[in-house]
Amino acid sequence: MAGLLDGRVALVTGASRGIGAAVLRRLAAEGAEIVAIARTQGALEELDDEVRAAGGRQLVLVPDDLRKPGLIEQVAAAIFQRWGRLDILIGNAGAIGGGLSPVAHHAPDDWDEAFAVNLTANWRLIRACDPLLRMAEAGRAVFTTSGAARGVHPYWGPYAASKAALESMVRTWAAEVANITALRINLLDPGPVATRMRAIAFPGEDQGKLTQPDQVAEAFLPLCLPGCSRHGEIVPFS
Ligand code: NAP
């Protein structure tokens, strides 16, 4: 039976576990060809085995750090050479910025990591992938945001500030292309989800009571489909 994304090409960051791995499985189950980025090579290889055992296409694995200079541009160039376009961009990789701490106490490296992964890597993805998404019949981009981006969240300083900047940047990009392209660009706010990042922030929490990554992946799918009409929105998981 034909999948909803047969022949579509997707790039997923933060694909090694948690929400990113679940979204990747969901897109693969619909027939997408997927380029998967994360640092943990073994986890990406296991995901590839799993996807192929389920009848999906072989993944293109990029086991590397999104902060590495030139990496994103190289991946975009390789996608152009192989497919001539990108149908779906999932900007999902995230860093918590060293855990919860008063804003005056964060280590500079933790601050830098949060902004490099949560904001700058996504800007570089937009910069490198905008032309490829425009070459697609129905380019789609979805970025994973957080409720921490809005309101006031003590002890979440670098994470909250970088996600707020992500939301501003993505909505700006969406507004710029609204009337001139077929692109549909959105953010998805998953709420609390049972992942490693959540366990670092809330050790001891019963993750069985939280939303599971597979449930969140279902909410990404409509935003990736050619028929998606939402644009420039922060879509809450429900
Ligand atoms: P997770 O299980 O810890 O996954 C984070 C992913 O990001 C991993 O695949 C990790 O891969 C990748 N990553 C981090 N730094 C990277 C880097 N420098 N280069 C390449 N990949 C990197 O956490 P998660 O909860 O699924 O997080 C996914 C997204 O959801 C994040 O943007 C997070 O902010 C957002 N979110 C999560 C929750 C929640 O409750 N879980 C709530 C709101 C928003 P490697 O370590 O293998 O590189």
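Note that these values count all heavy atoms, side chains included, but never hydrogens, waters or copies made by symmetry. Just follow the structure's listing: the first ligand is 1, and inside any ligand the first atom is 1.
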Under a 4.0 angstrom heavy-atom cut-off, which atoms of ligand 1 come close to [X]?
| X | answer |
| --- | --- |
| G18 | 2 (O), 26 (O) |
| P192 | 40 (O) |
| N92 | 28 (C), 29 (C), 30 (O), 31 (C), 32 (O) |
| A15 | 9 (O) |
| T40 | 45 (P), 46 (O), 47 (O) |
| K163 | 31 (C), 32 (O), 33 (C), 34 (O) |
| V117 | 15 (N), 18 (N) |

[atom1] of [X] to [atom2] of [Y]: how many Å apart, nearest 0.5 Å?
| X | Y | atom1 | atom2 | result |
| --- | --- | --- | --- | --- |
| L225 | R140 | CG | CZ | 8.5 Å |
| I185 | W173 | CD1 | CH2 | 4.0 Å |
| T195 | I19 | OG1 | CD1 | 5.5 Å |
| M135 | D130 | CE | CG | 9.5 Å |
| I90 | L24 | CD1 | CG | 9.5 Å |
| E113 | N118 | CD | CG | 8.5 Å |

Considering only the protein, which heavy-atom contact is closest to [atom], and what is its distance?
| atom | answer |
| --- | --- |
| atom 11 (O) of ligand 1 | S16 OG, 2.9 Å |
| atom 41 (N) of ligand 1 | T195 OG1, 3.0 Å |
| atom 38 (C) of ligand 1 | G191 O, 3.9 Å |
| atom 15 (N) of ligand 1 | R39 NH2, 3.3 Å |
| atom 21 (N) of ligand 1 | A38 CA, 3.8 Å |
| atom 4 (O) of ligand 1 | R17 NE, 3.7 Å |
| atom 19 (N) of ligand 1 | L66 N, 3.0 Å |
| atom 36 (N) of ligand 1 | Y159 OH, 3.6 Å |

Which of the listed options, [options], holds the heavy atom that is closest to [atom]?
| atom | options | value |
| --- | --- | --- |
| atom 44 (C) of ligand 1 | L44, T144, L210, T145 | T145 |
| atom 26 (O) of ligand 1 | L188, I19, L24, T211 | I19 |
| atom 22 (C) of ligand 1 | A93, P190, S162, G94 | A93 |

- Message: For ligand 1 and V193, I'd like to know whether there is a polar contact (N/O to N/O, distance under 3.5 Å).
- Response: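 Right, the criterion is met.
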- Message: With nothing but distance in play, are any N or O atoms of S146 less than 3.5 Å from an N or O of ligand 1?
- Response: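 So ligand 1 has no N or O lying under 3.5 Å from an N or O of S146.
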Once you restrict to heavy atoms under 4.0 Å, what part of [X] touches ligand 1? Side chain, backbone, both or neither.
| X | answer |
| --- | --- |
| D65 | both |
| T13 | neither |
| N118 | neither |
| A95 | neither |
| A121 | neither |
| E113 | neither |

- Task: Dump the intermediate steps for side-chain contact (heavy atoms from CB on, under 4.5 Å) on L71 and V62, then the final yes or no.
- Result: CA-CA 9 Å; L71 177 81; V62 184; 4.1 Å; yes
Take atom [atom1] of [X] as the centre, draw a 6.0 Å sphere, and report whether it contains more than 12 heavy atoms from other residues, nucleotides or ligands.
| X | atom1 | value |
| --- | --- | --- |
| F202 | CZ | yes |
| R127 | CZ | no |
| F80 | CZ | no |
| R196 | CZ | no |

- Pairing of E30 and R26 as salt bridge, 4.0 angstrom limit: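 Salt bridge flag = yes for R26 with E30.
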- Query: Charged N to carboxylate O below 4.0 Å: is that the case for R184 and E233?
  - Reply: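 The answer is no: the pair does not qualify as a salt bridge.
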- Message: Hydrophobic cluster membership, with links at side-chain heavy-atom distances under 4.5 Å among I/L/V/M/F/W/Y: are I88 and L133 in one?
- Response: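 Looking at the clustering, L133 is in a separate group from I88.
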- Donor-acceptor pair, side chain of K163 and main chain of R150, under 3.5 angstrom: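 No, K163 side chain to R150 backbone: no donor-acceptor pair under 3.5 Å.
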